[in-house]
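See below for the structure under consideration.
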Amino acid sequence: VAPKGSQAALGLSDTQLGLMGGLAFALFYTLLGIPIAMLADRRNRTTIMTVALVVWSAMTAVCGLAQNFWQLFLARLGVGVGEAGGVAPAYSLVADYFPPHQRARALGVYSFGVPIGSSLGIVFGGVIASLIDWRMAFIVVGVAGIALAPIFTRVVGEPARGRLDAGGSCRTAAGAETPVQEVRKGPGDHRTDHAQRRSQQPELIAVSLSVRPYSRYRNNGVNPITP
C-alpha cells in the first residue's frame with residue numbers, strides 16, 4: 001500500500017524507491033556509528049540516546065510531509081543519523097547495569113526489543129496506512145517516538161561507568177575514578193542477585209523498546225506493511 005501510494009503521489013521511480021530504502025538510511029547510519037560511540041565513551045549516554053530518539057522520530061514524521069524525492073531522501077538520511085545514536089550507547093548502558101555473569105542474558109532481552117518494535121511498526125503503520133494514507137502512518141509513528149523520549153529519560157538513569165567490572169575503575173558523573181573490587185558471592189547472595197535483576201528490569205525494557213521502537217517500519221523505506 002505505502003510504496004504504491006508514495007510512488008504515485010511523488011512520481012518516484014523504482015530506483016529512487018530503492019535508494020530511499022537502502023542508501024539514504026545506511027549512509028549516515030554506518031558512517032556516524034563510530035563517532036557517536038566515541039562520544040558515548042565520554043558523555044552522558046542517556047542524553048545521547050534521548051536526542052537520537054527525538055531526531056530519528058522527528059525525521060520519520062518529516063517523511064510523511066515530503067513533497068518530492070529529494071525531500072523524502074533527506075528525511076531518510078535524518079532517520080539514519082538519529083538511529084546511529086541509539087546503538088553503541090545502549091550496549092554500554094547494559095554493560096553498566098548488569099555484572100559480567102548476567103550481561104549475555106541482559107543483551108538477549110535487549111535484542112528482543114528489535115522484533116517487538118518491528119512488529120509494532122508493521123501492525124500500527126500498516127493499519128494507519130490502510131485506514132488513512134501512507135503520510136499519516138509516518139507522522140503518527142514519528143510523533144509516538146518523540147512522546148517516548150521524556151519517558152525514556154526518566155526511566156533510564158546514567159550509571160557509573162565500569163562500576164560492575166571486577167578489577168576495573170568506576171568513573172562517576174564528576175569524572176573521578178574509584179577502584180572496583182571483585183566481590184565473591186556467598187551462599188545467600190543469589191537472592192540478592194535476583195532482586196537486583198528485578199529492580200533493573202524497567203531500565204532494560206526501556207532501553208530495549210526505545211532504541212528501535214518501529215525500526216522495521218522505517219528501515220523498509222516507505223513500506224510499513226511488507227516484511
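Predicted model only: the values in this text are computed from it and were never measured. Throughout, residue positions are numbered sequentially from 1 according to the sequence presented.
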Could you report the tightest heavy-atom contact between Val62 and Ala75, atom names first, then the distance? CG1-CB, 4.0 Å
Taking every heavy atom of Tyr110 against every heavy atom of Gly86, the minimum-distance pair comes out as OH-O, 4.0 Å
Got a donor-acceptor contact below 3.5 angstrom from the Gln16 side chain to the Ser13 backbone? yes
Once you round to the nearest 0.5 Å, how far does CG of Leu19 lie from CG of Asp14? 11.0 Å
By the definition side chain to side chain contact (heavy atoms under 4.5 Å, CB included), identify the one residue from Ile48, Val94, Asn44 that meets it with Pro89. Ile48
Any donor-acceptor N/O pair, Thr47 side chain to Arg43 backbone, under 3.5 Å: no
Measure across Ala147 and Pro150 and return the closest heavy-atom pair with its distance rounded to 0.1 Å. O-CD, 3.4 Å
So which heavy atom on Val54 is nearest to which on Ala149, and how close? CG2-CB, 3.5 Å
Measuring from atom OG1 of Thr60 to atom CD1 of Ile146, what distance do you get when rounded to the nearest 0.5 angstrom? 8.5 Å
Working to the nearest 0.5 angstrom, can you tell me the gap between Gln71 CD and Arg76 CZ? 15.5 Å
Looking only at heavy atoms, what is the nearest atom pair of Ala37 and Ala88, with distance? CB-CB, 3.5 Å
Any link between Leu12 and Leu77 through a network of hydrophobic side chains (Ile, Leu, Val, Met, Phe, Trp, Tyr) touching at under 4.5 Å? yes
Separation of Leu164 CG from Phe98 CZ (nearest 0.5 Å): 9.5 Å
Where do Thr50 and Phe152 come nearest, in terms of heavy atoms and distance? OG1-CD2, 3.4 Å
Can you tell me how far CZ of Arg161 sits from CG of Leu93, rounded to the nearest 0.5 angstrom? 8.0 Å
Determine whether Tyr97 and Arg163 make a side-chain contact, defined as any pair of heavy atoms from C-beta on separated by less than 4.5 Å. yes
With a 4.5 Å limit on heavy-atom distance, are the side chains of Tyr91 and Leu107 in contact? yes
Is it the case that the side chain of Glu83 and the backbone of Trp56 share a donor-acceptor pair, with hydrogens and angles ignored and the cut-off at 3.5 Å? no
Yes or no on side chain to side chain contact (heavy atoms under 4.5 Å, CB included) for Leu10 and Asn68, after CA distance, side-chain angles and deciding distance? CA-CA 5 Å; Leu10 302 180; Asn68 55 55; 5.5 Å; no
Cationic N near anionic O, under 4.0 Å, Arg103 to Asp96: no
Are any non-hydrogen side-chain atoms of Arg135 and Cys63 less than 4.5 angstrom apart? no
Atom CG in Leu148, atom OG in Ser57: separation rounded to 0.5 Å? 7.5 Å
Tell me if a side-chain donor or acceptor on Thr30 pairs with a main-chain N or O of Ala26 at a distance below 3.5 Å. yes
Should the ring pair Phe138 and Trp134 be called parallel, tilted or perpendicular, given that the plane angle runs from 0 to 90° and is split at 30 and 60? perpendicular
Any chain of hydrophobic side-chain contacts (each under 4.5 Å) joining Leu27 to Ile34? no
Is it the case that the side chain of Arg42 and the backbone of Met38 share a donor-acceptor pair, with hydrogens and angles ignored and the cut-off at 3.5 Å? yes
